[in-house]
Amino acid sequence: MFGVCLRYAKDRAEAEDNLQEGFVKVFTHINKFRHEGSLEGWIRRIMVNVSLERYRKQKMLYPVEDIGKYDVQIMSNNIIEQITAGELLLLVQQLPPRYRMVFNLYVFEEMSHQEISKVMGINTGTSKSNLARARNILKRKITIQYGKSEKNQVI
Amino acid sequence: MNMKQSEQQIDQIFHGQLEGYTLSPPPGTLENIRARLKNRKRKQRIVLLRAIAAAAVMILAMVAGWMLYDFPESQQEMSENRTEKDFPAATEPVSRDNKKDGTKKEISGSGLSDNKLAPAEPFAEMKTKPMGPEAQHTESFALIQTASLHRNAEQLPFMQSVKPFIKSPAVSWKLHRKERDSSLGRTLSVEDQKLLAFNRATIADRHSEEDRWGLGLRVAPGYSSQNASHAADYSRNMTYSNTEGTADLNAGISVSYKASRRLSVESGMYYAQNGQKSGNSLQYSSNRYETLNTMYAVAADYFNTPVDIKQGKILMNSSAGVIEFSETPENAELSANLDTKSELPNALLTNSEFHQVFDFIEIPVLLRYTFIDKKIAMDMVGGVSANWVVGNKVYIGEGSDKEYVGHTADISDMNYSGTLGLALDYALGKKLSVCVEPRINYFLNSLNKNKAVDYRPYRIGLYTGINYSF
């Protein structure tokens, strides 16, 4: 669960706080667990919700990055193999908060844009654009930090 | 490779590497969780104690108010008793005369000639103290407002520097980050940074626990009446039950618990009142009334109600049940038969209406569904209430001329009623709201245990008050 919290947090301290808050909720509401799914899945949902709550509280403090249009870049396998999980985690943490949330919810929780728009209180268009921007930021940073990339045309 | 493949590639890289990524939490996490749990329990206990203390204070205030409300009435009863002792023979001549001729003696006394009904007893004027407009806002708005309150005029340029900073397109994430850091570092004074930190802490505290409990104060002016049916034998000698209800005032406290975002359970304690007026027995006009009217030209607007006299008690059938008189009403005449073979039954002649008043302590269990959850919220309310009868009095006359004469027999102590209402809440802030709530309350059982009487009061009230959530 600490790994989940780390992905949603901007740093380790925030992730630790979310983890503690999440487990306080788990122990407080354990009687509400209906045994319909796995306990792990239920706890994970709580951790995600705690992270979302924190994001909602803090969102006004962060300016939204307006990056504009991006090129589509395909990275070679050589680059990908170089990068460790810890480094990827750091890249996710460095994303602007809203992009980080959208990216996590889409990629790891496998939520649709409609679902993301509901839990985050944004519209589906914003969710789509945030995801695209998050991907491009990640790609760019990988490219800058880890070497060459192949550049393709937009289709 | 197209754009979609590119997107899938990046998703797969991160998903593949990070989905199963595990990392041990730092040492001390478990201890911190334990400490938080302990702290949370302590907070819950404090909240509960506060709620109990608040409820106790409100109940005390209500009881005190009730006692003050009852005080003049008690005084009046005392003065009535004194009047009776001072003039013990007030009704005796009537009885003596009736013994002789079995008919009614001419009604005397200035009270009878004055046939004007006093205006309905005014209920206490409801005063809702205007609350100061407390800002209802989003968190961001709160930040700006709080910040603007604390910030003096010299610090306003800070806002101007933030605006272009937010809107400026970033060339790269890194560059943007650098810009942001340096921009913030340059423009934010130490004081501003402290203020932002304070705001963050305030918001975090504000949302650390959801406000699930609610405490409310309600005052409810309303109108009460009844649905009644009676056995034929009973209704034959019954006072005429008119359809006119009475105005009254309920008040109490409510405690609610928000089970989910839209559904909450509510209870509380209310002082409630129901009453009815009873007038003349028109169906009796062919007997004594007609005789009296013909023989003695008694004014037609005098009520003459058949009564039963048993073991010194005067009993009268009313819509709500049998009224047991504890004393003969002032300015009323009793026309009693000593000859049991007489065709004319006993009758009580008055020119005032009877008021039967029932006081209840109502403990409701209500479900509240919020279907509009905005600054002005709208709820549907429904449920059942236990109504404990704490007052059962019968008066004759109204207002300052009201005279206590007895009680209604066979009233069941505990009764149940159903409630349905529609509430309109206006949020004055995060914790406070005012509400207006029209409710209808209908008794599910007959208030009277007498099998010949099915008496179900109902009340339409406008519950207004203030709610505090915590």
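Quick note on labels: first sequence line is chain A, next is B, and so on, each numbered from 1.
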Are more than 12 heavy atoms, taken from residues, nucleotides or ligands other than E40(A), located less than 6.0 Å from that residue's CD atom? no
Of the non-hydrogen atoms in P26(B) and F2(A), which two are nearest, and what is the gap between them? CD-CZ, 3.8 Å
To the closest 0.5 Å, what do you measure between CD (Q20(A)) and CD1 (I33(B))? 6.0 Å
Which bit of L131(A) comes within less than 4.5 Å of chain B, counting heavy atoms only: side chain, backbone, both or neither? neither
Distance check, rounded to the nearest 0.5 Å: R34(B) atom CZ versus F27(A) atom CZ? 8.5 Å
E21(A) CD to R40(B) CZ distance, which is reported to the nearest 0.5 Å: 6.5 Å
Contacting region of E110(A) [heavy-atom separation from chain B under 4.5 Å]: side chain
pair F23(A)-L30(B): side-chain heavy atoms closer than 4.5 Å: no
Is the distance from the ring center of F108(A) to that of F14(B) below 6.0 Å? no
Identify the two heavy atoms, one from T28(A) and one from L37(B), that lie closest to each other, and give their separation to 0.1 Å. OG1-CD2, 3.7 Å
Return yes when atom CZ of R12(A) has more than 12 non-hydrogen atoms of other residues, nucleotides or ligands closer than 6.0 Å, and no otherwise. yes
Counting only heavy atoms closer than 4.5 Å, note whether E16(A) contacts chain B via side chain, backbone, both or neither. side chain
Contact leader toward chain B among C5(A), A85(A), G3(A), where contacts are heavy-atom pairs under 4.5 Å: A85(A)
Return the set of residues passing side-chain hydrogen bond (donor to acceptor under 3.5 Å, both in side chains) with N123(A) (not counting sequence neighbours), or none when no residue passes. T126(A)
Excluding sequence neighbours, so at least two apart, what forms side-chain hydrogen bond (donor to acceptor under 3.5 Å, both in side chains) with N104(A)? R7(A)
